[in-house]
Number of protein chains: 2
Amino acid sequence: MKPTIYDVAKEAGVSIATVSKVINNQQVGKKSKEKVLKVMKELNYKPSILASALTGKRTSTIGFLLPDLANPFVAEMARRVEDRAHERGFNLVICSTDFDTQKEAFYVSLLKQKSVDGFILAGRFNNEEVITELLEEQTPVVLLTESYPSLSVNSVKVDDFMGGYEVASHLISLGHEKIAVIGEDANSSRERIRGYKQALQDKGLEICEEMIVISDSSPEDVERLTGQLLDKSIPPTAIFACNDLLAISVILAVRERGISIPDELSIVGFDNTLLSRSTDPPLTTVGQPIQDMCSKVVDLLIEEIEGKSKTKQRIVLLPKLIIRKSTGVHRSKIKDQSN
Amino acid sequence: MKPTIYDVAKEAGVSIATVSKVINNQQVGKKSKEKVLKVMKELNYKPSILASALTGKRTSTIGFLLPDLANPFVAEMARRVEDRAHERGFNLVICSTDFDTQKEAFYVSLLKQKSVDGFILAGRFNNEEVITELLEEQTPVVLLTESYPSLSVNSVKVDDFMGGYEVASHLISLGHEKIAVIGEDANSSRERIRGYKQALQDKGLEICEEMIVISDSSPEDVERLTGQLLDKSIPPTAIFACNDLLAISVILAVRERGISIPDELSIVGFDNTLLSRSTDPPLTTVGQPIQDMCSKVVDLLIEEIEGKSKTKQRIVLLPKLIIRKSTGVHRSKIKDQSN
DNA sequence: TTGAAAGCGCTAACAG
DNA sequence: CTGTTAGCGCTTTCAA
């Protein structure tokens, strides 16, 4: 059916070894080479990557595990990773793990069976055991967006601490003193919160632990938590949501209560997703250099795949505060000033 | 390094044939079977899918080509497709084509070399030649979201015509008579527009061609077109954007002009993406049964892969109008009523 | 420069 | 029920 290397060899009057050599352009007599090339074209011959991988070559495909492809931020990363991978001649097989330890293990195992050349693990990856195993068998892996402080593994992420610090600083400079935080159960959130606390401390503000809450990321939970925050005797004048998706849920909850943004409540997100531009008001957020990060993970992984990497790296890129309309001076402060 | 079927055979004291049989659970003596299973576990043996595919079995991976993974609607589809594929034991290798004929051809060719079992092509696929070729060589293919009227190929999509019809009917029932449309250069848009026209006609309204514009999908272009529409001597009182992403750009453009939605202008989208809930006001849109569609494409494809499919199918699911806050009676009508 | 042949890990007759 | 053996399509020595 589909032509094989034998068909080409026969048609070109040479041995399959010769054909193989022109495929991998090694030394071949000019005449033979031309002949083979011509026949390959005629027969529309494409070498089977399966077969060549079986003999030890790469499959040129990368396993890309992420929490949920439907998440716009994740999807954008996936696209950037895909682009870079494509430039470097690799394909991606993408699997959503939903933070599920079972799925994580399952997919890694399955993709190993399919002989992917390496893995990119994006976002929080719960199954530390799996990572350890990968590391032990020297399977190339790079983490994206999160890192495991205790493991010697390549990773690329943004400086979450700094992002959190900048958000809080911005809010404080606007006069806010009661700043709540809604985070997720992930290292990145924890780092952002750590940055936030540091900023409060540096400015001599009191850190109030009950203003810091962790959600399970579902819109319902976020709305509930937002409600709780707002119902406090002294409610916050600003809420820092640890990512844009959370921020949107916050906005919806807030809007439902008829509270105006930013006059009565400032809101900040994180990630600078598409979403953040289309909310009303447009969301102040922290931009991650997605493209850069994604190029870097791919490059790092390929380096490891090609065996060129000397030592493990933790690459940390700097985030950038993007001020839009969801943050401002609180109404009460405005009165103060006009008095 | 990694254990092979030989290692298992030797360790279990049987032939590789026997091992192979237990892998594919065929008839094997109970004792041997147990022994082999035990050894497989001990050695943590996983059969190489490459090798087995080389002998004619499937790779259990599907090539999924789509326009742009960073598009939230597309990403959500990808996730649903992935889920179903996973349930059926398949993986996805995802490639973004950007509507680029070259990339389309390139990826299809590459994935064929990688021996994917079949293709899902989502959205407008420009390279008809490639589809024809796929069809000729009997490679399983299913189109998602778009269909090629002239080709005998499986496809799953929503009834775009009906969606457009419902949008227009809704708007008309609200009293709108000047309804503009912003579409894309794709069959789905054309169908939606056809539905829109039919509705106008059915209600005895005049169809004004200059109220119908096609954008290149970039936010800038959409904003420009929106401006043009609004600057007409008799501007529309409603705009039907052929998808949510377009609708958002329209909203941004409209908001910039200080026009209020829906009092002065109603806006409708299409797709019911996540985005449509978080805009302000929340967007009236048309919901596609994404999950259903995606399960169906996968099932259809796998049927073809397994050779069970008798005839080609074009599956058309019905859309559903979702009325939110971006549409309403125009201010002028309200006055009329109060007079 | 070229080709014969072994082998990658697995499946599938076919014998036994 | 089990094992032998011949491939699957390609790469890679090793001779010629």
Without placing hydrogens or testing angles, list every side-chain donor-acceptor pair under 3.5 Å for residues 25-41 of chain A, not counting sequence neighbours.
| from | atom 1 | to | atom 2 | distance (Å) |
| --- | --- | --- | --- | --- |
| A:Lys38 | NZ | A:Glu42 | OE2 | 3.3 |

Do any side-chain atoms of residues 131-144 of chain B form donor-acceptor pairs under 3.5 angstrom with protein atoms, and if so which ones, sequence neighbours left out?
| from | atom 1 | to | atom 2 | distance (Å) |
| --- | --- | --- | --- | --- |
| B:Thr132 | OG1 | B:Glu128 | O | 2.8 |
| B:Glu137 | OE1 | B:Lys112 | NZ | 3.1 |
| B:Glu137 | OE2 | B:Lys112 | NZ | 3.1 |
| B:Glu137 | OE2 | B:Thr139 | OG1 | 2.9 |

Check: residues 60-77 of chain B side-chain donor-acceptor pairs under 3.5 Å, at least two apart:
| from | atom 1 | to | atom 2 | distance (Å) |
| --- | --- | --- | --- | --- |
| B:Asp68 | OD1 | A:Arg79 | NE | 2.8 |
| B:Asp68 | OD1 | B:Ala70 | N | 2.9 |
| B:Asn71 | OD1 | B:Phe73 | N | 2.8 |
| B:Asn71 | OD1 | B:Val74 | N | 3.3 |

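B:Val19 comes within contact range of no nucleotide atom at all, as no heavy-atom separation falls under 4.0 Å. Note on A:Val28: only backbone sugar-phosphate atoms sit closer than 4.0 angstrom, heavy atoms only; bases stay farther off. Using a 4.0 Å heavy-atom criterion, one finds that A:Gly56 contacts no nucleic acid atom at all.
Of the residues in residues 46-55 of chain A, A:Leu54, A:Thr55 come within less than 4.0 Å of DNA chain C through at least one heavy atom, sorted by number.
Using modelled atom types, one finds no donor on one side chain facing an acceptor on the other under 3.5 Å when comparing A:Asn44 with A:Lys2. Using modelled atom types and a 3.5 Å distance limit, the side chains of B:Asn127 and B:Thr101 yield no donor-acceptor pair.
Salt bridge status for B:Glu184 with B:Arg124: absent, with no side-chain N to carboxylate O gap under 4.0 Å. At a threshold of 4.0 Å, the pair B:Asp83-B:Arg80 counts as salt-bridged, since one of the basic side-chain nitrogens sits closer than that to a carboxylate oxygen.
The side-chain contact (heavy atoms from CB on, under 4.5 Å) test with A:Ile94 singles out one residue from B:Leu92, B:Val93, B:Ile94, and that residue is B:Ile94.
Residues satisfying the side chain to side chain donor-acceptor pair (under 3.5 Å) criterion with A:Glu82, sequence neighbours excluded, are B:Ser96. Judged as a side chain to side chain donor-acceptor pair (under 3.5 Å), and not counting sequence neighbours, A:Ser48 has no contacts. Listed by chain and residue number, A:Arg84, A:Arg88 satisfy the side chain to side chain donor-acceptor pair (under 3.5 Å) test with A:Asp299 (two or more places apart in sequence, or in another chain). Among residues two or more places apart in sequence or in another chain, the ring-ring contact (aromatic ring centres under 6.0 Å, His included) test is passed with B:Tyr107 by A:His86. Evaluation of the side chain to side chain donor-acceptor pair (under 3.5 Å) rule for B:Glu11 yields no partner, not counting sequence neighbours.
Each end of the helix from C:dT1-D:dA16 to C:dG16-D:dC1 gets its own axis, taken as the rotation carrying the C1' atoms of four end pairs onto the next four within a five-pair window, and the two axes meet at 40° to the nearest 10 degrees.
The 5' end of DNA chain D is approached more closely, in terms of each residue's nearest nucleotide, by B:Tyr6 than by the other of B:Tyr6 and A:Pro3.
Nucleotides of DNA chain C with any atom under 4.0 Å from a heavy atom of chain B span, from 5' to 3', C:dG9 to C:dA12. Contacts between chain B and DNA chain D, taken as any atom within less than 4.0 angstrom of a protein heavy atom, begin and end at D:dC1 to D:dG9.
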